Amino acid sequence: MDHLARVLLAIALATALQASLSFQESQVSLLDVHGNPLPPEVKESLYFCVGDANYTASEFMELLGNATAKIPNNFTVFYSFNGLNWSVKYERPNDTTIILNLRMIGNVSFKFTALDTSYARRSETLSLLDVVSGVPELHVSVQSANLTSFVLPPDSCKPDTYLPAANGSGAPYLWRLLITYGSDIVLNESLNRIWGESALTPVDLALVKIPRELNLSWIAGECPGAGVRVTITCGEQVLTNEPPSTIVRARSEWFYPAGKICRVRVAFAGVERMCNASVLDLEKCKPEIYPVEVRVIGLEDRAGLVEVAIDGSLLDLQNPTACLWKGDHTLKLRYNFSGTWIALTEKSFRVEASASIPVRINFSRIELSVRGCTRIPQLQVNGVDVPMTKLERATGPVYATDPLPVMDANVTLKVCNATLAFRARTENLTLTIALPEARLEFEKPNPFPLIALLALALVQTVLVAYALVAVRRWPRCSTLAR
């Protein structure tokens, strides 16, 4: 009896095992377009239509596993995705496999430009997973070209998200991958084209990664060391430098669309220039500032007596190079003339490139020879008293000044009681002054004129006396006659 029970149990187990193996052999696999098993969450979004009957994936698989069920080969498959039902093309290479035209977005890689501190460019690559999870303000969405209103939002755009690749009739669904940074589009590319390319080929992302500090050597133009202040505004990011440094700083590392314009303001020597450029073409805003060397010739040991100013700014004669904007400028040279600064040279010049400007100063004495006055003459040049020193020459005494800068000047000369004023060039100026002389000479007297003069005086006295006597006698004679 026990033996019979064991036999019956063995037969029951064999029958169950055979039924289980038969069911496994008849179970159908659902694969994606690459032959990979579909994950459970995708299977739960599939619906199979046979005639007027609709089945879920699990129901349909069970139906296919039933040997007595007759399933036609022209059933229809729908994929419920993001609120819409998409018909999906399928293939049934055998009774146990159904290949659906569904495919993952995939971990697409993206290539973009990164700048280093010296503004040099290099390429970096991000995967879709990195983009979705690692870059702030960078948002990914998938858009259907078949349905212009359909957009898969960023939170659904992950590498393992499945999209329908072709409809039930075999026509491909057209998808576009859209990536935005803030409100700017940095990628708008056909996802179908990306799928058609090699998985190792990255997609160009119009985005630039920028470090916190950038050394923009072009800020100073062609004149290193120029105190140029620059302000670069890229969206909400504002970069500034501290002259003469050419390093601009942001708060932290940041990203910016490659094609979006930045505003650049350059300020130098009281002049401001504005420029617009993309973050990759900031050098386009390089200011036209050039070094101009001023060479003062003829100073010798008088360097401390000279000032050179360009556009009103004094030049350091120890390092006589000025950084100037392209354009017209004015140079003035002044000389310390006995404590008074006088202008020697004023000239206009134009800067087109780096240049050297020679300025020559010549020195000469003023010499004065005076006749008719023994006093030291007083000399003024442009209203400044100039001392004179008496020198003995073979031709006589000469008064001379120390070397003076050659210039056109107003000269005033006082010699004794005479004052002369005139305009002359002080180059090799020699003056000779002769004053008129007043003489009183005494000679030995001749006695004859003196005797004649005395005789004449005596005669005049006698005549006067006779006349007086005659007058007195005249009235008496008249009385006697009556």
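What's counted below: heavy atoms across the whole structure, side chains too, no hydrogens, waters or symmetry copies. Computed from a predicted structure; not experimentally measured.
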For this session: Applying side-chain hydrogen bond (donor to acceptor under 3.5 Å, both in side chains), name anything that partners R121, two or more places apart in sequence or on another chain.
Result: none

For this session: Please confirm whether the backbone N or O of F255 pairs with a side-chain atom of Y181, one donor and one acceptor, at under 3.5 Å?
Result: yes

For this session: Would you please test K332 and E307 for salt bridge (Lys or Arg N to Asp or Glu O under 4.0 Å) and show each step?
Result: CA-CA 8 Å; K332 291 183 180 180; E307 280 185 353; over 6 Å; no

Problem set entry | Interatomic spacing from SG in C275 to CD1 in I261 - rounded to 0.5 Å | 9.0 Å

Exercise. Do the side-chain N and O atoms of N410 and R423 include a donor-acceptor pair separated by under 3.5 angstrom?
Worked result: yes

Problem set entry | Passing option when V359 is tested against L331, I297, V308 for side-chain contact (heavy atoms from CB on, under 4.5 Å) | L331

Exercise. Who pairs with C223 by disulfide (SG to SG under 2.5 Å), at least two apart in sequence or on another chain?
Worked result: C323

For this session: Taking S190 for its side chain and R193 for its backbone only, find out whether a donor-acceptor pair lies under 3.5 Å.
Result: yes

Problem set entry | V88 backbone acceptor or donor facing N167 side chain under 3.5 Å | no

Problem set entry | Results of side chain to side chain contact (heavy atoms under 4.5 Å, CB included) for S356 - residues two or more places apart only | E293, R295

Problem set entry | Under 3.5 Å side-chain donor-acceptor pair for N215 and T246 | yes

Exercise. Taking N107 for the side chain and L129 for the main chain, is one N or O donor matched with an acceptor at less than 3.5 Å?
Worked result: yes

Problem set entry | Side-chain donor/acceptor of T426 to backbone N/O of P405, under 3.5 Å | yes

Exercise. Can you check whether S156's main-chain N or O pairs, donor with acceptor, with T161's side chain at less than 3.5 Å?
Worked result: yes

Problem set entry | Chi angles and distances behind the side-chain contact (heavy atoms from CB on, under 4.5 Å) call for K326, Y290 | CA-CA 7 Å; K326 178 180 179 181; Y290 301 97; 4.0 Å; yes

For this session: To the nearest 0.5 Å, tell me how far Y90 OH sits from L100 CG.
Result: 9.5 Å

Seminar exercise, completed: Looking only at heavy atoms, the pair that brings Y256 and V279 closest together is CD2-CB, 4.1 Å

Exercise. Hey, does the Lys NZ or Arg CZ of R273 hover above the aromatic six-ring of W325, less than 6.0 Å from the centre and inside 45° of the axis?
Worked result: yes

For this session: Verify the distance criterion only: is there a donor paired with an acceptor across the side chains of R229 and N241 at less than 3.5 Å?
Result: no

Problem set entry | Enclosure of E236 CD (heavy-atom neighbours >12, cutoff 6.0 Å) | no

For this session: Might you work through the salt bridge (Lys or Arg N to Asp or Glu O under 4.0 Å) test for K111 and E124, ending with a clear yes or no?
Result: CA-CA 6 Å; K111 181 177 66 176; E124 289 192 7; over 6 Å; no

Problem set entry | Neighbour count >12 (heavy atoms, 6.0 Å) for atom CZ, R122 | yes

Exercise. What heavy-atom pair brings T401 and R365 nearest, and what distance separates the two atoms?
Worked result: O-NH1, 3.0 Å

For this session: Identify the heavy atoms of F110 and L128 that sit nearest to each other, and give their distance.
Result: CE1-CA, 3.7 Å

For this session: Begin with the C-alpha distance, continue with both residues' side-chain angles, and end with the deciding distance and a verdict on ring pair (Phe, Tyr, Trp, His ring centres under 6.0 Å) for Y173 and W86.
Result: CA-CA 10 Å; Y173 287 110; W86 305 74; 5.1 Å; yes

Seminar exercise, completed: Correct closest heavy-atom pair for A267 and E272 would be CB-CG, 3.8 Å

For this session: Specify the closest pair of heavy atoms between S141 and V151, including all atoms of both residues, with the distance to one decimal.
Result: CB-CG1, 4.0 Å

Exercise. Has D316 got more than 12 heavy atoms of other residues, nucleotides or ligands less than 6.0 Å from its CG?
Worked result: yes

For this session: Give a yes or no on whether K158 atom NZ has more than 12 heavy-atom contacts from other residues, nucleotides or ligands under 6.0 Å away.
Result: no

Problem set entry | salt bridge (Lys or Arg N to Asp or Glu O under 4.0 Å) partners of D402, counting only residues at least two apart | none

For this session: Report the distance from atom CG of L207 to atom CG of D184, rounding to the nearest 0.5 Å.
Result: 10.0 Å

Donor-acceptor contacts under 3.5 Å from residues 29-36 side chains, at least two apart:
unit_1	atom_1	unit_2	atom_2	d
D32	OD1	H34	N	2.9
D32	OD1	G35	N	3.0
D32	OD1	N36	N	2.8
D32	OD2	Y162	OH	2.9
H34	NE2	R103	NH2	3.3

For this session: Apply ring pair (Phe, Tyr, Trp, His ring centres under 6.0 Å) to Y335 and F363, showing your working.
Result: CA-CA 11 Å; Y335 184 78; F363 289 85; 5.6 Å; yes

Problem set entry | Residues E213, R249; criterion salt bridge (Lys or Arg N to Asp or Glu O under 4.0 Å); working and verdict | CA-CA 5 Å; E213 290 187 353; R249 292 179 172 86; 2.9 Å; yes

Exercise. S127: what forms a side-chain hydrogen bond (donor to acceptor under 3.5 Å, both in side chains) with it, not counting sequence neighbours?
Worked result: D130

Exercise. Passes salt bridge (Lys or Arg N to Asp or Glu O under 4.0 Å), E352 versus R350? Steps please.
Worked result: CA-CA 6 Å; E352 298 284 352; R350 183 168 182 81; 2.6 Å; yes

Exercise. Taking atom CG of L420 as the centre, does the number of heavy atoms from other residues, nucleotides or ligands within less than 6.0 Å exceed 12?
Worked result: yes

Exercise. Checking side-chain contact (heavy atoms from CB on, under 4.5 Å) for the pair L368/T432: CA distance, chi angles, key distance, verdict?
Worked result: CA-CA 6 Å; L368 177 62; T432 300; over 6 Å; no

Problem set entry | Polar contact flag, side-chain donor to acceptor under 3.5 angstrom, D116-S118 | yes

Problem set entry | M104 side, atom CE; L38 side, atom CG - distance, nearest 0.5 Å | 10.0 Å

Exercise. Parallel, tilted or perpendicular for F150 and F81, by the 30°/60° rule?
Worked result: tilted

Exercise. More than 12 non-hydrogen atoms from neighbouring residues, nucleotides or ligands closer than 6.0 Å to CZ on R176, yes or no?
Worked result: yes

For this session: Please confirm whether the backbone N or O of A171 pairs with a side-chain atom of S169, one donor and one acceptor, at under 3.5 Å?
Result: no

For this session: Measure from the side-chain N and O atoms of S87 to the backbone N and O of G168, and report whether any donor-acceptor pair falls under 3.5 Å.
Result: yes

Exercise. Closest approach of H329 and G327, non-hydrogen atoms and distance?
Worked result: CD2-O, 3.2 Å

